[in-house]
Amino acid sequence: MIKKNSLLLLVFLMLFGAAEAQERKIPTDTIVVTKHSVTANGTSFSYTAQTGMLPLWDELGAPIATLNYTYYTRDNIKNRAERPLLISFNGGPGSASVWMQLAYTGPRILNIDDEGYPVQPYGVKENPYTILDIADIVYVNPVNTGYSRTIPESGKDVDRSKFFGINADIKYLAEWLNTFVTRNNRWQSPKYIVGESYGGTRVAGLALALQNQQWMYLNGVIMVSPADYKVLRTGGPVSEALNLPYYTAAAWYHKALNPDLQEKDLSEILPESEAYTINTLIPALAKGGFISEAEKNDVATKMAHFSGLSKKEILDHNLSVPTKYFWKALLRDKGGYNIGRLDSRYLGIDRQLAGNSPDYSAELTSWLHSFTPAINYYLQEELKFRTDVKYNMFGNVHPWNNENDNTLDNLRQAMAQNPYLHVLYQAGYYDGATTYFNSKYSMWQVDPSGRLKDRFSFKGYRSGHMMYLRKEDLKQANDDIRIFIKNTLTNGKPAKY
């Protein structure tokens with residue numbers, strides 16, 4: 001005979017066990033739909049969130065991966081075909097889409113203070129600046145990020161070369177987007193793709209891949225703090241010189257400049273630093289060890305003026321000061337803090353003041369502090385996507401193949417082929433990883449002919465890599481995207497020159 005307590009347990013499991021039981025395995029193809037509301041840009045409206053997994057198919061129609069996504073659509077839209085679709089990626093490579101989903105364009109954002117620092121209890125709140133009022137949004141997690149996984153998840157049967165490399169990443173994501181757009185009947189909609197950091201490389205390449213491989217044409221590409229690795233990893237006079245305007249911005253923020261610069265506004269001094277970089281510093285560094293002592297001393301004096309470092313430090317580095325040294329040294333004698341890499345407003349404390357680089361990234365630890373609990377809570381409790389599979393903030397995507405990076409020229413070619421296509425660059429002045437002036441320079445280099453320059457625009461913000469964490473910039477950056485989308489809708493104008 002079953003005892004009373006055992007019988008009660010059995011009844012409980014029969015009633016609730018099936019709904020609550022979890023398996024540490026993601027289904028290949030599944031959707032959870034939830035209903036919500038938000039007040040954004042002064043308008044209250046309801047919206048639908050579709051969270052799930054969508055397969056990536058091979059040439060024979062077998063699933064080789066399943067990608068995790070969240071798709072937001074505003075309700076009560078009469079003509080969905082006219083409504084823009086924004087496709088959102090983060091970077092890494094190997095980073096989930098959590099950053100922009102829960103802090104930038106989506107209807108819910110982190111519970112953080114107005115400058116972007118974490119507060120407890122961790123969680124999410126309404127985003128009054130989301131662009132969901134004018135566009136539907138899908139956030140995509142590439143393979144091994146978020147809940148996205150290969151099929152099978154591991155082992156010798158997984159061909160990692162199909163996923164983990166610049167061109168492989170672009171190819172399979174273009175294929176997956178074809179499936180997503182088809183399933184959700186969005187072929188007629190104006191389409192935009194946005195990518196942050198490495199995501200800038202990704203979406204630049206996707207612009208052409210979507211056109212030439214999937215016959216899917218875009219209205220806009222949005223580059224958020226984009227990484228131009230051909231400049232960042234190449235080194236040399238241009239790469240090294242482009243850091244100076246960022247040094248100026250970070251030093252100004254920390255009040256480390258000489259009074260004649262410090263008392264001016266950032267908007268006044270950055271053009272000076274930029275002009276010096278282009279007109280004087282790059283040519284000087286190009287001379288290498290053959291620069292005259294007089295010119296070298298003059299350049300070091302001016303670099304100290306614009307950077308907050310000493311002339312001796314700059315001469316000791318032969319006019320080429322690494323960013324790691326700058327993060328460590330700027331405040332060494334002004335409080336003893338190091339400053340953040342991705343956002344130099346953040347401060348850290350190292351074991352010792354001596355050294356040439358910080359012990360850790362102060363800003364990234366702060367962000368993981370708030371993003372990780374928030375995304376896990378949000379997906380499970382508000383979007384009702386429940387699983388025991390770990391949400392990968394950063395996933396294993398190595399070895400990553402960086403060969404044959406032609407993404408910026410691919411962007412140029414896509415723009416040349418598609419008169420509708422426009423590009424918006426967004427960057428934070430205090431980003432020391434993918435600096436704002438690197439973004440400007442990269443934008444200038446996309447089209448050497450200059451015939452496409454009227455279809456490029458640049459917006460800068462007084463924050464870092466994730467400029468949207470600062471409330472003032474969250475509002476402005478979303479407004480800039482909103483304006484960009486409205487200005488690039490064609491309203492029946494034919495695609496021709």
Side-chain angles (χ1 to χ4, degrees), residues 36 38 40-41 43 45 47-51 54 67-75 77 79-91 96-109 127 129-142 173-174 176-178 180-197 199-200 202-204 206-207 210-211 214 216-226 411 414 418 420-426 457 459 466-468 474-490:
H36 312 268
V38 68
N41 200 30
T43 303
F45 57 89
Y47 65 93
T48 299
Q50 175 179 299
T51 309
L54 183 67
L67 299 196
N68 171 224
Y69 70 95
T70 302
Y71 175 41
Y72 298 103
T73 53
R74 181 172 175 173
D75 296 340
I77 297 298
N79 189 346
R80 190 72 61 182
E82 294 180 353
R83 184 166 167 82
L85 173 66
L86 178 68
I87 302 162
S88 182
F89 296 96
N90 274 97
S97 68
V98 51
W99 314 100
M100 289 202 289
Q101 179 177 356
L102 272 195
Y104 191 7
T105 50
R108 302 286 271 165
I109 54 173
N127 181 6
Y129 311 116
T130 176
I131 63 164
L132 189 56
D133 61 321
I134 66 152
D136 297 332
I137 316 168
V138 58
Y139 297 91
V140 184
N141 289 303
L173 287 172
W176 185 89
L177 285 172
N178 187 307
F180 175 84
V181 168
T182 299
R183 281 202 185 184
N184 291 281
N185 192 25
R186 299 307 300 261
W187 276 99
Q188 293 178 283
S189 301
K191 298 174 190 67
Y192 297 81
I193 53 176
V194 55
E196 179 180 80
S197 196
R202 174 178 284 139
V203 297
L206 271 171
L210 287 170
Q211 285 184 194
Q214 309 299 329
M216 187 184 298
Y217 288 73
L218 303 171
N219 285 56
V221 173
I222 302 165
M223 315 274 269
V224 178
S225 305
L411 177 60
N418 177 7
Y420 282 161
L421 184 55
H422 290 70
V423 179
L424 169 64
Y425 278 75
Q426 297 183 303
S457 55
K459 298 293 183 181
M466 292 196 240
M467 69 283 173
Y468 42 80
L474 171 68
K475 181 182 186 304
Q476 186 60 57
N478 274 295
D479 283 345
D480 289 336
I481 291 181
R482 191 177 282 106
I483 292 168
F484 176 71
I485 290 175
K486 287 181 177 179
N487 288 344
T488 52
L489 295 175
T490 60

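Taking each heavy atom of Pro190 and Ala81 in turn, the nearest pair found is CD-O, 3.6 Å. Between Lys459 and Leu424, the closest heavy-atom pair is CG-CD1, 3.9 Å. Here the closest heavy-atom approach between residue Tyr139 and residue Gly106 is recorded as OH-N, 2.8 Å. Across every non-hydrogen atom of Tyr47 and Arg108, the tightest pair is OH-CG, 4.1 Å. Closest approach of Ala477 to Tyr104, counting heavy atoms only: CB-OH, 3.2 Å. For the residue pair Ile485 and Ala135, the shortest heavy atom distance occurs at CD1-CB, 4.3 Å.
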Discussion item. side-chain contact (heavy atoms from CB on, under 4.5 Å) for Gln50 and Asn184? Distances and angles first, verdict last.
Written reply: CA-CA 11 Å; Gln50 175 179 299; Asn184 291 281; 3.5 Å; yes
Item to complete: Starting from the C-alpha separation in whole Å, work towards a yes-or-no answer on side-chain contact (heavy atoms from CB on, under 4.5 Å) for Gln214 and Leu177.
Response: CA-CA 9 Å; Gln214 309 299 329; Leu177 285 172; over 6 Å; no
Discussion item. With side-chain contact (heavy atoms from CB on, under 4.5 Å) as the criterion, how do Tyr217 and Lys191 come out once you've worked through the C-alpha distance, each side chain's angles and the decisive distance to 0.1 Å?
Written reply: CA-CA 7 Å; Tyr217 288 73; Lys191 298 174 190 67; over 6 Å; no
Discussion item. Determine whether Ile87 and Leu206 satisfy the following criterion, side-chain contact (heavy atoms from CB on, under 4.5 Å), listing intermediate values before the conclusion.
Written reply: CA-CA 11 Å; Ile87 302 162; Leu206 271 171; over 6 Å; no
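Using a 3.5 Å distance cut-off with no hydrogens or angles, the side chains of Tyr468 and Thr105 do not pair a donor with an acceptor. Of the N and O atoms on the side chains of Tyr71 and Arg186, at least one donor lies less than 3.5 Å from an acceptor on the other residue. Checked by atom type, the side-chain pair Ser197/Asn90 shows no donor-acceptor distance below 3.5 Å.
Expressed to the nearest 0.5 Å, how far CH2 of Trp99 lies from CE of Met466 amounts to 5.0 Å. The CD atom of Gln188 sits 12.5 Å away from atom CZ of Arg80, with the distance rounded to the nearest 0.5 Å. Summarising the geometry, atom CD1 belonging to Ile137 is positioned 12.0 Å from atom CZ belonging to Arg74; distances are rounded to the nearest 0.5 Å. For the atom pair Arg202 CZ and Leu173 CG, the distance stands at 5.5 Å (nearest 0.5 Å). If you take CE on Met467 and CD on Gln426, they are separated by 4.0 Å, rounding to the nearest 0.5 Å. Taking CE of Met223 as the reference point, atom CD1 of Ile193 lies at 9.0 Å (rounded to 0.5 Å).
When each of Val423, Leu210, Thr488 is checked for a side-chain contact (heavy atoms from CB on, under 4.5 Å) with Leu218, only Leu210 meets the rule. A salt bridge (Lys or Arg N to Asp or Glu O under 4.0 Å) with Arg83 holds for exactly one of Asp133, Asp136, Asp75; it is Asp136.
Here Ile109 pairs with Lys125, Asn127, Leu474 under the side chain to side chain contact (heavy atoms under 4.5 Å, CB included) rule; sequence neighbours left out. Applying the side chain to side chain donor-acceptor pair (under 3.5 Å) test to Gln476 and every residue at least two apart in sequence or in another chain returns Asp480.
Residues Tyr69 and Phe180 bring their aromatic ring centres within 6.0 Å.
Counting heavy atoms from C-beta outward, Val203 and Val194 have side chains that stay 4.5 Å or more apart. The side-chain heavy atoms of Val38 and Phe45, taken from C-beta on, include a pair separated by under 4.5 Å.
Within the 3.5 Å criterion, the main-chain N or O of Leu54 finds a donor-acceptor partner in the side chain of Trp176.
Under the 30°/60° scheme for interplanar angles, the aromatic rings of Phe484 and Tyr192 are found to stand perpendicular.
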